[in-house]
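Structure first, commentary second.
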Amino acid sequence: WPKYLKIAAVTMAPAPTRLLVVATLAFTVLGHDTKSQLLARERRLFDWSSVGSSLTAAANWATTTTQQISGQVVGITEAATLFQSSDIYLTQGVTYGKIAWESILSLCNKMMEIFKNFEPLKPVFSDSNGLVTLLTNTGDMQLLVNSTRQILSTNTLLDDLATALNHVVEVFGQIQTALQSIISKLSGSSTSRRLEGYSDLLSGIDFDAILSTVKGFATKIKQQAEDLTDIDTIVGPLLAKMQGSGGRRLEDIMADKDKYARAISKIIPSWQAVESTSVAMCPTVESVADTLSNLQCRVAQFASEAALPSWVPSNVVNIVGNCKPSESSATSTGQCPKEALSAGIPNLLGEHSEQIGWIIAIAGGAGLLGGGGALALCKKSGEKGDESGSDSEETGLNSS
């Protein structure tokens, strides 16, 4: 072994075998080859390839409608026709809202699954000597490996959710502009009281608040997806990079140490941030999806009733009443989690990220992490250690 690896052995572990366990298993947590990286990815739930044309059509409809009624009074029959023409775009918005709802449920379920798998490690992460316990127990380390890969794989779910929310914002914003414009022109020659009656068609729907909230969530989860991708980008190519390595300069090792340390330190906080956001978002996304369905109901009923001879503006109240928002299924059935389960987990990896970064970089520079040989060597050395104790461990390693 190079002298730097021996220095790390003295500093970090009672015997060189433990150092190799640290180096190899810490690498396993962070570095995964192309095949395992692909296996860790979550499959995308939705195909967004055809969405662009739909969003363009919605934008064109809103622009054309607004221009068409600019500077004129809109009659009730024309208003009904215009409302009817918005249905196809409202249907798109409702679809995106449902996709967002399915995505947030999938994300919340994934977060609970990750925590359930990780839960046996909670005492280890809370222990002041947890790092030693973790890195000398291959079962615990493998559990951490699996949990980490699951955490990194959620970036696909986050991307789907962010995409769906952004589409909701785009469609919702276009429809808001057009419908409010139609209503403002509908009673241009009528009394303000009648105009107020038509305005009630959109009562209880705070477009600005919905758009602002959804935009905020979409921006946040998009950033979280990028954070996970950044971590994976740094550590993913590690195995391929180390294959055949015969050693590197100290400057290279130090640079890699910093890179790996930063990635390691972000794993637990990134997990906690994603789960915390998903818990906060879940009831909001459900409410947005419900609001879109409610708006579609109002528009459809107005379009079908407003052109009838029996129509009077006061019927707006009946339409709004008939399209009551449904009770929150997420709250009543417990689909949305009440709390982020990972919130109280100490960032054990972050506390020791510098040391682990050194170990990975030094072991990689010595060629110890190339291919699958390190894992086999680790296992073999561990077996020797179990039989002979720390002294024989060191002898076995030196002789190899």
Subject >> Steps toward disulfide (SG to SG under 2.5 Å) verdict (Cys336, Cys282) >> reply: CA-CA 6 Å; Cys336 282; Cys282 189; 1.9 Å; yes
Subject >> side chain to side chain contact (heavy atoms under 4.5 Å, CB included) between Val299 and Asp87, intermediate numbers included >> reply: CA-CA 7 Å; Val299 169; Asp87 184 68; 5.6 Å; no
**OP:** Check step by step if side-chain hydrogen bond (donor to acceptor under 3.5 Å, both in side chains) holds for Glu170 and Asn166.
**Re:** CA-CA 6 Å; Glu170 291 184 62; Asn166 280 323; over 6 Å; no
Subject >> Phe125 vs Phe118, ring-ring contact (aromatic ring centres under 6.0 Å, His included): CA-CA, chis, key distance, verdict >> reply: CA-CA 10 Å; Phe125 270 62; Phe118 179 91; 5.0 Å; yes
Original post:
Can you list the steps and then say if Asp160 with Glu102 is a side chain to side chain contact (heavy atoms under 4.5 Å, CB included)?
Top reply: CA-CA 10 Å; Asp160 274 330; Glu102 292 177 27; over 6 Å; no
Subject >> Derivation of the side chain to side chain contact (heavy atoms under 4.5 Å, CB included) call for Val320 and Arg298 >> reply: CA-CA 6 Å; Val320 174; Arg298 296 185 191 187; 3.9 Å; yes
**OP:** Might you work through the side chain to side chain contact (heavy atoms under 4.5 Å, CB included) test for Ser342 and Ile345, ending with a clear yes or no?
**Re:** CA-CA 6 Å; Ser342 64; Ile345 297 174; 4.1 Å; yes
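The aromatic rings of Trp311 and Phe302 sit perpendicular, their planes meeting at an angle over 60°, well past the 30° parallel limit. The aromatic rings of Trp271 and Phe115 are tilted relative to each other, their planes meeting at an angle between 30° and 60°.
Between the side chain of Thr63 and the backbone N or O of Asn60 there is no donor-acceptor pair closer than 3.5 Å. A donor-acceptor pair under 3.5 Å is absent between the side-chain atoms of Ser203 and the main chain of Ser199, judged by distance alone. Without hydrogens or angle criteria, Ser276 side chain to Gln272 main chain gives no donor-acceptor distance under 3.5 Å. Within the 3.5 Å criterion, the main-chain N or O of Ser270 finds no donor-acceptor partner in the side chain of Gln224. Side chain of Asp206 to backbone of Ala209: a donor-acceptor contact under 3.5 angstrom is found. Looking only at distances, a side-chain donor or acceptor of Ser278 sits under 3.5 Å from a matching main-chain atom of Glu275. Put simply, the side chain of Ser287 never gets that close to the backbone of Pro283: no donor and acceptor are under 3.5 Å apart.
No side-chain heavy atom of Asp290 sits less than 4.5 Å from a side-chain heavy atom of Trp101. Between Ile114 and Thr154, the closest side-chain pair of non-hydrogen atoms falls below 4.5 Å. Between Ile221 and Met281 there is a side-chain heavy-atom pair separated by less than 4.5 Å. Residues Val285 and Phe217 are not in side-chain contact: their nearest non-hydrogen atoms beyond the backbone lie 4.5 Å or more apart. Inter-residue side-chain proximity for Asn109 and Ser106 is flagged as unmet; no heavy-atom pair is nearer than 4.5 Å. You'll find the side chain of Tyr198 stays beyond 4.5 Å of the side chain of Ile182, heavy atoms only. Here the side chains of Val124 and Leu131 are not in contact, with every heavy-atom distance at 4.5 Å or above. Using a 4.5 Å heavy-atom cutoff, the side chains of Val279 and Glu339 are not in contact.
Hydrophobic clustering of Ile, Leu, Val, Met, Phe, Trp and Tyr side chains at less than 4.5 Å, counting indirect connections, unites Phe172 with Ile88.
Nearest heavy-atom pair, Thr66 versus Ala178, reported as atom, atom and distance to 0.1 Å: OG1-CA, 4.2 Å. Contact detail for Asn155 and Ala225: the closest heavy-atom pair is CB-O, 3.8 Å. Summarising the geometry of Ile205 relative to Thr291, their closest heavy-atom pair is CG2-CG2, 3.9 Å, with the distance given to 0.1 Å. Among all heavy-atom pairs drawn from Gly97 and Leu292, the shortest one is CA-CD1, 4.1 Å. Between Val168 and Gly93, the shortest heavy-atom contact is CG2-O, 4.4 Å. The two atoms that bring Gly130 and Leu348 nearest to each other are C-CD2, 3.9 Å, heavy atoms only.
Separation of atoms CD1 (Ile104) and CG (Leu158) is listed at 8.5 Å; rounding is to 0.5 Å. The OG atom of Ser181 lies 10.0 Å from the CD atom of Gln68; values are rounded to the nearest 0.5 Å. Rounding to the nearest 0.5 Å gives a distance of 12.5 Å between NZ of Lys222 and CG of Asp227. Summarising the geometry, atom CG belonging to Leu349 is positioned 9.5 Å from atom OG belonging to Ser265; distances are rounded to the nearest 0.5 Å. To the nearest 0.5 Å, atom OG1 of residue Thr64 and atom CD1 of residue Ile69 are 11.5 Å apart. Note: Ile99 CD1 to Ser103 OG = 7.0 Å, rounded to the nearest 0.5 Å.
With no hydrogens or angles considered, a side-chain donor-acceptor pair links Ser85 and Trp61 at under 3.5 Å. A side-chain N or O of Asn146 and one of Gln142 form a donor-acceptor pair less than 3.5 Å apart.
For residues 210-219, no pair satisfies side-chain hydrogen bond (donor to acceptor under 3.5 Å, both in side chains), with sequence neighbours left out. Applying the side-chain hydrogen bond (donor to acceptor under 3.5 Å, both in side chains) test to residues at least two apart or on different chains, the pairs with a partner in residues 117-134 are Asn117-Gln150.
Asp230 and Lys266 are not joined by a salt bridge, as no carboxylate oxygen comes within less than 4.0 angstrom of a charged side-chain nitrogen.
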